[in-house]
Amino acid sequence: MPLDKPYLDVPGTTIFDAEQSRRGYHLNQFCMSLMKAENRERFKANERAYLDEWPMTEAQKEAVLARDLNACIGLGGNIYFLAKLGATHGKSFQQMAGSMTGMTEEEYRDMMIAGGRSPEGNRRTGEDGTAQPHRQPQGTSTKRGL
Amino acid sequence: MPLDKPYLDVPGTTIFDAEQSRRGYHLNQFCMSLMKAENRERFKANERAYLDEWPMTEAQKEAVLARDLNACIGLGGNIYFLAKLGATHGKSFQQMAGSMTGMTEEEYRDMMIAGGRSPEGNRRTGEDGTAQPHRQPQGTSTKRGL
Amino acid sequence: MARITASVYTSHVPAIGAALDLGKSSEPYWQKVFSGYHFSKQWAKEHKPDVIFLVYNDHATAFSLDMIPTFAIGTAAEYQPADEGWGPRPVPKVVGHPQLSAHIAQSVIQQDFDLTIINKMDVDHGLTVPLSLMYGQVDQWPCPVIPFAVNVVQYPVPSGRRCLNLGKAIRKAIESYDEDINVHIWGTGGMSHQLQGPRAGLINKEFDNAFLDRLIADPDGLAGMPHIDYVREAGSEGIELVMWLIARGAMGDLAGGPAPRVAHRFYHVPASNTAVGHLILEESK
Amino acid sequence: MARITASVYTSHVPAIGAALDLGKSSEPYWQKVFSGYHFSKQWAKEHKPDVIFLVYNDHATAFSLDMIPTFAIGTAAEYQPADEGWGPRPVPKVVGHPQLSAHIAQSVIQQDFDLTIINKMDVDHGLTVPLSLMYGQVDQWPCPVIPFAVNVVQYPVPSGRRCLNLGKAIRKAIESYDEDINVHIWGTGGMSHQLQGPRAGLINKEFDNAFLDRLIADPDGLAGMPHIDYVREAGSEGIELVMWLIARGAMGDLAGGPAPRVAHRFYHVPASNTAVGHLILEESK
Ligand SMILES: [Fe+3]
Ligand SMILES: [Fe+3]
């Protein structure tokens, strides 16, 4: 029997397991490089050139350039690595998380102040909660990425 | 009760435990640096200057300069790290091991070909085997270090 | 003989660190968070440990994908606050306790926990935010800290049961240390939160409060909860809560002693994306 | 379903690699060593695995004192031969098996072994010398290899019992892999040797041969031998022999099957400072 992945039916959620880690290795290691101030400067000066130093896929590079965190995660990125990308552009974890929902910053912040997203309807794919695929995007943001 | 160190009564033997590791941290990390060819060249060009880049004790630096591996081990060195020092000077593990016994290279090699050092009398300090403190140095080598 | 006298549990939300560091702590939003730690700061003054054993997770800071230890114990003399991309937090360096940590490493490995020993690493918000919450803005932390990092980033992470048993092993290790010192053990991370995808922002107050109840009164039962329940109920990053079981496992009731005393309990939503939970348990005298 | 069909045990003396690499293998001194592997090379041609799970120890090569994992599994696509100070060995790069190794990592961590996952490392003589001994001088190794590194450098190292149980867990992990592949598991290091101090050069033929006997017929009893016995009897570096118990633990008799068949056994003193031991066990059909 192959090993269980009981987490594949959680809506709007990608668990960072060995398979995702393999897929996202270079994308995530690129993000780690942004922990050095001089690398952040180099990246900001010419993003494309900096990305081209890494053996990432074209899709990964485009997702980074678009700050499309959902796309990054789909391509093997992990939020703790991607956070370095957000940090490089002065973004907070709240802005990063919100950018993946379709909500504006205000909409997302207000949801959190009101108690956050309910787990009701969001435990399993096929229910009717706010995180389900058929209810995306959730807000009125017109921004594609972070 | 403090943790057991049942290995303190083995003659002629230093077990590399956390305490030794702490003592020898910079000495061993210096050795690791010799895994890069350019560092080996820099070290060979001016050993003292290279050593002074490391926060090692003076005793550790002197033991390295003298290639005195027993002294290095007493100061927290571990043979697998020290091997990089020997390798830098083209020495084999057999030459390194032999250098710690007082034997010449030939004497040590001949002992190994004859079946190696017997464990008899060498299991516990206070017995009368060849590794016991009162029988050092064992051979006729006049070299102090490796 | 060293002894554990208390365990402390708290979320370690990075935005809390930022709020403190950027002088926003008097804003009403953050006041609600910090209000839960007023008692704790006073308690911390009255209950000063000699060493803190601090369980946390590294957030892709010291450990990249090149090397992912399940359990890593710091045995270094000191640790610098990490640059996580915003620049290092302006907090004191963390002074370690090489001797005690090496002792614990030796004992716990001999109890069949396969630790990775770390002599050089920077520590991220997972470790420094709890210190800030308990001690505020100081020039130096009040005592040495032993960092203990748990992998909760890449699956599979260690099970709740493994974490509880590890706590028991840590207790044994500390109690076998030959010096009369007072140790606090902290469990950090959580509570419910999710930082990714269309489900970002998930919060589950019922789950969190039940978790606190069971952590106090039924840690052994709680340790049996599978990972998938954390993910489904508490969000993908809610899995950090397994780390609280390590600290809980080190309390005396799980070694046959009396139940610990609840000195303080606090729960608040939100801090940034996260539900903030906080608990102080004292060993009964 | 993947299956383990054989386990191979061998010393991994660096001087053996040097003898091969420097063209000294026809010298009488080395012929005595290599004679023990003639059978093995033929056997290796007739019993070609799809993957080798290779248990070895890193000799302060990939792991400095900054980070010392007790058990580390490689999940990378490839590994380069390391420069240990003499320049890299002129041997092929080692191709990994990311999918199977990630599967094993997941399964074994869920069986409560606290592995460190490694995605980038160079491999030293501990891994490449056994490959050279079994496959000779080749342009590429005949199959992918999963490196599994055990800390036997800094004490405490894992116990024999822990190693045997880890082998059992690895067997379960491999048997749960959903592809019909043939896996060999290798245990390397040892036999008796000491590389340090006035006791350098220690060799204990009686101990080594008894170790081989018990490894074959009484692995469970052998697993109970404490570290101090290895040190006293087999020299400070003889402790590497605990790694053989990992490979042995993965054989079917410890999961209720029949005893393995001894395909080959060899013992010789010396290679450089070390007693060379070698064993091939096949699963009974
Ligand atoms: Fe966290
Ligand atoms: Fe070795």
Side-chain angles (χ1 to χ4, degrees), chain C residues 58 60 62-77 79 98 101-122 147-166 169 173 223 226-228 242 246, chain D residues 58 60 62-77 79 98 101-122 147-166 169 173 223 226-228 242 246:
Chain C
D58 180 79
F63 308 133
S64 73
L65 292 181
D66 285 346
M67 204 165 172
I68 309 166
T70 294
F71 295 128
I73 185 167
T75 57
Y79 311 88
S101 53
H103 172 92
I104 294 171
Q106 182 174 344
S107 169
V108 166
I109 290 172
Q110 288 179 339
Q111 294 177 68
D112 285 349
F113 290 83
D114 315 311
L115 307 187
T116 292
I117 291 171
I118 306 286
N119 281 306
K120 190 180 172 94
M121 70 172 167
D122 290 347
F148 190 94
V150 179
N151 169 42
V152 293
V153 172
Q154 181 175 318
Y155 275 62
V157 311
S159 69
R161 177 72 56 207
R162 184 73 177 157
C163 288
L164 193 79
N165 287 337
L166 171 59
H227 290 154
I228 182 63
V242 291
I246 297 175
Chain D
D58 180 80
F63 308 133
S64 74
L65 292 182
D66 284 346
M67 204 164 173
I68 309 166
T70 295
F71 295 128
I73 185 167
T75 57
Y79 312 87
S101 54
H103 172 92
I104 293 172
Q106 182 174 344
S107 169
V108 167
I109 290 171
Q110 288 178 339
Q111 293 177 69
D112 285 350
F113 290 84
D114 315 310
L115 307 187
T116 291
I117 292 171
I118 306 287
N119 281 306
K120 191 182 171 93
M121 68 172 169
D122 291 346
F148 191 93
V150 178
N151 169 41
V152 293
V153 172
Q154 181 176 318
Y155 276 62
V157 312
S159 69
R161 178 70 57 206
R162 185 73 177 156
C163 288
L164 193 80
N165 288 337
L166 171 59
H227 290 154
I228 183 63
V242 292
I246 296 175

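Naming: A, B, ... by sequence-line order, numbering from 1 per chain. As the structure is a prediction and not an experimental result, all values here were calculated from the model.
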Met67(D) and Ile118(C): which non-hydrogen atoms are nearest, and at how many Å?
CG-CD1, 3.3 Å

Among Asn119(D), Asn151(D), Leu115(D), Asp66(D), the residue with the most heavy-atom pairs under 4.5 Å to chain C is Asp66(D)

For Ile117(D) against Gln154(C), the heavy-atom pair lying closest together:
CD1-NE2, 4.1 Å

Any donor-acceptor N/O pair, Asp114(C) side chain to Phe113(D) backbone, under 3.5 Å
no

Show the nearest heavy-atom pair for residues Gln110(D) and Pro156(C), with the distance to one decimal.
NE2-CB, 3.8 Å

With a 4.5 angstrom heavy-atom cut-off, could you sort out which part of Tyr155(D) is near chain C: side chain, backbone, both or neither?
neither

The reported gap from CZ in Phe63(D) to OG1 in Thr116(C) (rounded to nearest 0.5 angstrom) is 8.5 Å

Can you measure from CD1 (Ile109(C)) to CD1 (Ile68(D)) and round to the nearest 0.5 angstrom?
8.5 Å

